[in-house]
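Presented below is the structure to which this report refers.
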Amino acid sequence: MPVICCFYRSQTTEAMTWSENMDTLLANQAGLDAFRTFLKSEFSEENVEFWLACEDFKKTKNAEKISSKARMIYSEFIEADAPKEINIDFSTRDLISKNIAEPTLKCFDEAQKLIYSLMAKDSFPRFLKSEVYKKLVNSQQVPNHKKWLPFL
């Protein structure tokens, strides 16, 4: 039984560490999943999806793949009326539009910084106050043994 208690304690501690900063949250798969769930409930998951697409894009080595991934990110998140259009200023959008013909691994950096900042200042604090986060932290407290062992 101590194994289960320790498991739940570590899960609670893990969820509580997400509140330290957004980098901690985004670096943890369970935290990222919880944040995405929250953003979906607010109809703003495009922000984290764009940020993740940029992180993946920056790891691309092959020149052909750089070009195709850049076009995919552009058509999905940047261009006017994109299916998951992100909220960035005109000058950033315009600069990306001009550079998309010959993209580099840095072509989305400014937009990614803007979206990260938006999430850090707006979405992340709301996430920490949300029922999604509170339930995760509270439901992972050490369970009452009778719940798990009804015969006791």
Side-chain angles (χ1 to χ4, degrees), residues 3-4 6-143:
V3 172
I4 292 174
C6 294
F7 171 76
Y8 280 98
R9 236 180 254 128
S10 70
Q11 290 290 312
T12 300
T13 303
E14 179 183 54
M16 291 169 72
T17 64
W18 304 339
S19 66
E20 291 171 9
N21 60 55
M22 202 166 73
D23 289 333
T24 303
L25 174 74
L26 295 174
N28 179 284
Q29 188 59 54
L32 179 60
D33 291 344
F35 190 50
R36 282 177 108 159
T37 299
F38 169 73
L39 291 175
K40 281 181 183 176
S41 75
E42 294 202 328
F43 305 100
S44 61
E45 70 266 23
E46 70 278 356
N47 292 331
V48 75
E49 288 179 17
F50 172 73
W51 186 85
L52 289 167
C54 290
E55 288 297 292
D56 176 65
F57 177 70
K58 290 189 283 190
K59 297 173 190 165
T60 308
K61 303 288 186 225
N62 178 306
E64 272 182 32
K65 285 188 179 180
I66 289 171
S67 184
S68 67
K69 280 185 176 184
R71 283 192 305 275
M72 186 279 303
I73 291 171
Y74 180 78
S75 66
E76 193 167 345
F77 299 102
I78 306 295
E79 71 183 355
D81 298 322
K84 297 177 183 180
E85 186 176 355
I86 55 170
N87 186 8
I88 54 175
D89 60 272
F90 174 79
S91 60
T92 304
R93 190 178 311 276
D94 193 47
L95 181 64
I96 294 169
S97 297
K98 289 176 182 169
N99 293 330
I100 199 69
E102 292 183 38
T104 67
L105 290 177
K106 296 186 178 292
C107 69
F108 298 110
D109 284 2
E110 195 57 37
Q112 187 183 21
K113 284 177 197 166
L114 289 169
I115 293 302
Y116 181 92
S117 178
L118 177 70
M119 289 191 301
K121 290 176 184 170
D122 186 42
S123 305
F124 180 63
R126 280 197 330 274
F127 168 70
L128 296 177
K129 294 174 186 168
S130 73
E131 288 304 311
V132 170
Y133 181 70
K134 287 178 185 174
K135 283 180 183 175
L136 268 171
V137 172
N138 293 333
S139 72
Q140 293 175 347
Q141 299 297 329
V142 177

*Rounded distance [0.5 Å steps], OG1 in Thr92 versus CD in Glu110*: 5.5 Å
*Once you round to the nearest 0.5 Å, how far does NZ of Lys59 lie from CD1 of Ile66?*
14.5 Å
*Between NZ of Lys134 and CG of Asn138, what distance do you get to the nearest 0.5 Å?*
8.5 Å
_Considering all heavy atoms, the nearest Ser19-Phe124 contact_ = O-CZ, 4.0 Å
_Is it true that Thr24 and Asn21 share a donor-acceptor pair across their side chains at a distance under 3.5 Å?_
yes
*Would you please name every residue forming a ring-ring contact (aromatic ring centres under 6.0 Å, His included) with Phe57, sequence neighbours left out?*
Phe108
*asked:* Less than 3.5 Å apart, any donor N or O on the side chain of Arg71 or Ser67 sitting next to an acceptor on the other?
replied: yes
*Begin with the C-alpha distance, continue with both residues' side-chain angles, and end with the deciding distance and a verdict on side chain to side chain contact (heavy atoms under 4.5 Å, CB included) for Lys69 and Asp56.*
CA-CA 9 Å; Lys69 280 185 176 184; Asp56 176 65; 3.0 Å; yes
*Heavy atoms from other residues, nucleotides or ligands near NZ of Lys58 exceed 12 (cutoff 6.0 Å)*: yes
_Please give me the minimum heavy-atom distance between Ile73 and Cys54, naming the atom from each residue._
CD1-N, 4.4 Å
*asked:* When you measure from the side chain of Asn99 to the backbone of Leu95, do you find a donor-acceptor pair of N or O atoms at a distance under 3.5 Å?
replied: yes
*Value rounded to 0.5 Å, distance of CD in Glu85 from CG in Asp81*: 6.0 Å
Donor-acceptor pairs are to be reported for all side-chain atoms of residues 43-53 against protein atoms at under 3.5 Å, with residues two or more places apart or in another chain.
residue: Glu49; atom: OE1; partner: Lys84; partner atom: NZ; Å: 2.6

*Which heavy atom in Ser75 sits nearest to a heavy atom in Pro83, and how many Å separate them?*
O-CD, 3.4 Å
*Taking Asp122 for the side chain and Leu118 for the main chain, is one N or O donor matched with an acceptor at less than 3.5 Å?*
no
*Is it true that a side-chain atom of Ser97 and a backbone atom of Arg93 form a donor plus acceptor pair closer than 3.5 Å?*
yes
*Have a look at Leu114 and tell me which of Ile86, Asp89, Asn87, Asp109 forms a side chain to side chain contact (heavy atoms under 4.5 Å, CB included) with it.*
Asp89
*Side chains of Asp23 and Tyr116: do they bring a donor and an acceptor to under 3.5 Å?*
yes
_Tell me the closest heavy-atom pair linking Ile96 and Cys107, and the distance in Å._
CG1-O, 3.5 Å
*Please report the closest heavy-atom contact between Leu136 and Ala34, naming both atoms and the distance.*
CD1-CB, 3.4 Å
*Only counting residues at least two apart or in another chain, list the ones meeting ring-ring contact (aromatic ring centres under 6.0 Å, His included) with Tyr133.*
Phe127
*Rounded to the nearest 0.5 Å, how far does OG of Ser41 lie from CG of Leu39?*
7.5 Å
*What are the two closest non-hydrogen atoms of Glu76 and Ala82, and how far apart are they?*
O-CB, 3.4 Å
